[in-house]
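Take a look at the structure set out below.
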Amino acid sequence: MSNFIRQVIEADNASGKHGGKVVTRFPPEPNGYLHIGHAKSICVNFGLAQDYNGVCHLRFDDTNPVKEDVEYEDSIKEMVRWLGYSFDGHLYYASDYFSKLYEFAEHFIERGLAYVDSQSPEEMRANRGTFETPGTNSPFRDRSVSENLALFREMREGKHADGAHVLRLKIDMASPNINLRDPAIYRIRHTAHHRTGTTWCVYPLYDYTHCISDALERITHSLCTLEFEAHRPLYDWVLARLVESGKLTLPSPQQIEFARLNLTYTVMSKRKLIELVETGLVNGWDDPRLWTLAGLRRRGYTPASIRLFAERTGASKAHQWVDMIELERALREDLDATAARAMVVLDPIRVVIENWPEGHVELCSAPVHPHDESRGRRTFEISREVFIEREDFMEIPSKGFFRLVPGGEVRLRYGYIIKCERVEKDENGRVTTIVASYDPATKSGTQGGRNVKGAIHWVSRSDAIAAEVRLYDRLFTVENPDEGDGDYKDYVNPNSLQTVRAWCEPTLASAAADQSYQFERNGYFTPDRVDSKAGALVFNRAATLKDGWKP
RNA sequence: AGGGGAGUCGCCAAGUGGUAAGGCACCGGAUUUUGAUUCCGGUAUACGUAGGUUCGAUCCCUUCCUCCCCUGCCA
């Protein structure tokens, strides 16, 4: 699909601006876990590079030692790979450029384009002005080059305390764009960095670091989110000055902004995600109800489905608020084509087939995948006693219900047609057993046999295996938990997790994490990668099947 | 003396001077031993608003409206 970023790339390719090269980058700060919003950015950056025979760099934006950690780096790398993208030979760190960045900073000072400001943060804020009024120059703005250089070197040598000074670019305190009002580019932090250790006690800030990192890596198109639009003049300013003095060469990378993803029934802010985890509203970063990549993976989302979702929702400059249904649909589409089928009864009710010989067992078989016979067949038993889904029986059927009813017939899928003869109930009137009869001439696969409209899933008491199944619903009850005056946490869905004991067909005994199954007529499920063990299976429901029936 | 962006079907999203792609959702119908899938068909006289330019405007110009972002030594 066409989009405005592709148009820029194609125009550049046509003009030969970058010699036909496309180099993008995904630049996470290693200070949190990736979520579906990041996945979109990953797919846009890696996907575009792939489409134009280019490369995409993974670059950790690790310029703030007080917030970052290797734990996050590992998780980010794992998730980018999981999504299906490779950054072999293209893994970078902003911290690798600290020396270069420092050298350029001195260069800016020497050209009279940067100065050490010794105002307090409060003074700086006050002097920055407001949206309507210009800022005022710092009293330290006219320090001499030699004084600035000496001071900056002392900062680097650790002779000054955190916050005592900051290095600022000398641009224009009266600019209507606040980002151009002498932005700070270096601050003092006597903090060890997880990669450079204690080598540095001055660390560069984002605006200064990012554009130069892009240029050093010869990024052609630097894609970021809309909130950086007002930073672009600064991005261009820094690079233009460096090009002027021959420190960098043309063409410079071009920053292009697109809208970040919003998904209904979620909140994307890092702060809120952390809060959900830390307050125990969910069980960790990989809780299957979460839209973190770790959570989606555990839930049963596939990389292909997330890529499909990203492709469909596209990249544009309009603020997007994508319906969760779109994500679910992408998953179903992928899994319908790939997932092996199995029969599992989530809410069992016992059926006794009274004309079935006591102790007699027969084998039934079904395709692993109904649209792909090459995947082979699976077999399971049928016996006198089977379990069916409680909701597949109605003692007093509503209009249009064509499953099992008293006196009615239904096919046990891949088995026989049975007829409900009568029901047994407990003292509360709840049906405990359905007594049925079967028609021996109707075994599945029999040629010329008669058929009935309804076909339901079932498992045989003789070979069924037990499993715990976790049924998930959306974490929030409203489309936009951030909307309105209330706290978003007030909209947490109390029924977002329901755990049931289910009966599964025996082929599921070997189910392993990262395998997806369609439990026929129920939905898509995957073994829980943390809790499921051989002999103690735990399945997560990734998505239900579309249900077109309305009573 | 504010600046920068965005407004095309319920949700995404192409088109950017020649008479509104596509996807999701939805509604019909066919097939179906998953009320699934698949397959056919339907779904904006209309592009935030009001004017203007033009033979012709979603597209160009102007007005107004709505929404988002920016005053971290965060990214």
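From a predicted model like this one, the values you see are computed outputs, not experimental measurements. As a basis for the values below, the full set of heavy atoms in this structure was taken, side chains included, without hydrogen atoms, waters or symmetry mates. Naming convention: chains lettered A, B, ... in sequence-line order (proteins, then strands); numbering from 1 in each chain.
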Just compare [options] and give me whichever is closest to any side-chain atom of [X].
{"X": "A/Ala318", "options": "B/rU33, B/rC70, B/rA13", "value": "B/rA13"}
{"X": "A/Asp547", "options": "B/rC74, B/rG35, B/rC11", "value": "B/rG35"}
{"X": "A/Ile178", "options": "B/rG3, B/rA14, B/rC70", "value": "B/rC70"}
{"X": "A/Pro121", "options": "B/rC73, B/rU34, B/rG23", "value": "B/rC73"}
{"X": "A/Arg312", "options": "B/rA75, B/rC24, B/rA1", "value": "B/rC24"}

Between [N] and [X], is there an OP1 or OP2 to side-chain N/O distance shorter than 4.0 Å?
{"X": "A/Gln320", "N": "B/rA13", "value": "yes"}
{"X": "A/Arg521", "N": "B/rU37", "value": "no"}
{"X": "A/Arg187", "N": "B/rA75", "value": "yes"}
{"X": "A/Ser175", "N": "B/rG3", "value": "no"}
{"X": "A/Arg271", "N": "B/rC74", "value": "no"}
{"X": "A/Ser316", "N": "B/rA13", "value": "yes"}

Using a heavy-atom cut-off of under 4.0 Å over every strand shown, decide if [X] touches base, sugar-phosphate, or nothing.
{"X": "A/His210", "value": "nothing"}
{"X": "A/Glu326", "value": "base"}
{"X": "A/Met343", "value": "nothing"}
{"X": "A/Glu520", "value": "base"}
{"X": "A/Phe402", "value": "base"}
{"X": "A/Arg341", "value": "base"}
{"X": "A/Gln7", "value": "sugar-phosphate"}
{"X": "A/Phe60", "value": "nothing"}
{"X": "A/Asn31", "value": "nothing"}
{"X": "A/Arg232", "value": "nothing"}
{"X": "A/Gly129", "value": "base"}
{"X": "A/Thr209", "value": "nothing"}
{"X": "A/Pro28", "value": "nothing"}
{"X": "A/Arg329", "value": "sugar-phosphate"}

Nearest-Å distance once atom P is located in both B/rU62 and B/rG3 =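 Here B/rU62 and B/rG3 have their P atoms 15 Å from each other.
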
query = Say you pick atom P in B/rC27 and the same atom in B/rU66; how far apart are they, in whole Å?
reply =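 36 Å, rounded to whole Å.
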
inquiry  = Is the terminal nitrogen or CZ of A/Arg541 (NZ for Lys, CZ for Arg) located under 6.0 angstrom from the six-membered ring centre of A/Tyr472 and within 45° of that ring's axis?
reply    = no

Within 45° cone of A/Tyr488 ring axis and under 6.0 Å: A/Lys272 NZ or CZ =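 The answer is yes, since A/Lys272 meets both limits relative to A/Tyr488.
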
Is the shortest distance from a Lys or Arg side-chain nitrogen in [X] or [Y] to a carboxylate oxygen in the other one below 4.0 Å?
{"X": "A/Glu389", "Y": "A/Arg521", "answer": "no"}
{"X": "A/Arg195", "Y": "A/Asp96", "answer": "yes"}
{"X": "A/Glu333", "Y": "A/Arg312", "answer": "yes"}

Interatomic distance where [atom1] belongs to [X] and [atom2] belongs to [N] [whole Å]:
{"X": "A/Phe309", "N": "B/rG22", "atom1": "CZ", "atom2": "P", "value": "22 Å"}
{"X": "A/Glu229", "N": "B/rG2", "atom1": "CD", "atom2": "P", "value": "21 Å"}
{"X": "A/His319", "N": "B/rC12", "atom1": "NE2", "atom2": "P", "value": "12 Å"}

message = Any N or O donor-acceptor pair under 3.5 Å from the base of B/rU33 to the side chain of A/Ser444?
response = yes

ask   = Going by modelled atom types, is there a donor-acceptor pair between the base of B/rU34 and the side chain of A/Gln518 at under 3.5 Å?
value = yes

So what's [N] paired with, Watson-Crick or G-U wobble, going by both distances under 3.5 Å?
{"N": "B/rG2", "result": "B/rC70"}
{"N": "B/rU53", "result": "none"}
{"N": "B/rG41", "result": "B/rC27"}

ask   = Are the side chain of A/His35 and the backbone of A/Val267 linked by a donor-acceptor contact shorter than 3.5 Å?
value =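 Flag not set: sc A/His35 to bb A/Val267 has no pair under 3.5 Å.
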
key: Heavy-atom donor-acceptor pair, A/Ser175 side chain to A/Ile178 backbone, under 3.5 Å   =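 Looks like no, no N/O pair under 3.5 Å.
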
request  = Report yes if some heavy atom in the side chain of A/Arg143 is under 4.5 Å from a heavy atom in the side chain of A/Asp117; otherwise report no.
outcome  = no

task = Using a 90° cut-off around 0 for syn, call B/rG72 syn or anti.
result =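 B/rG72: syn.
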
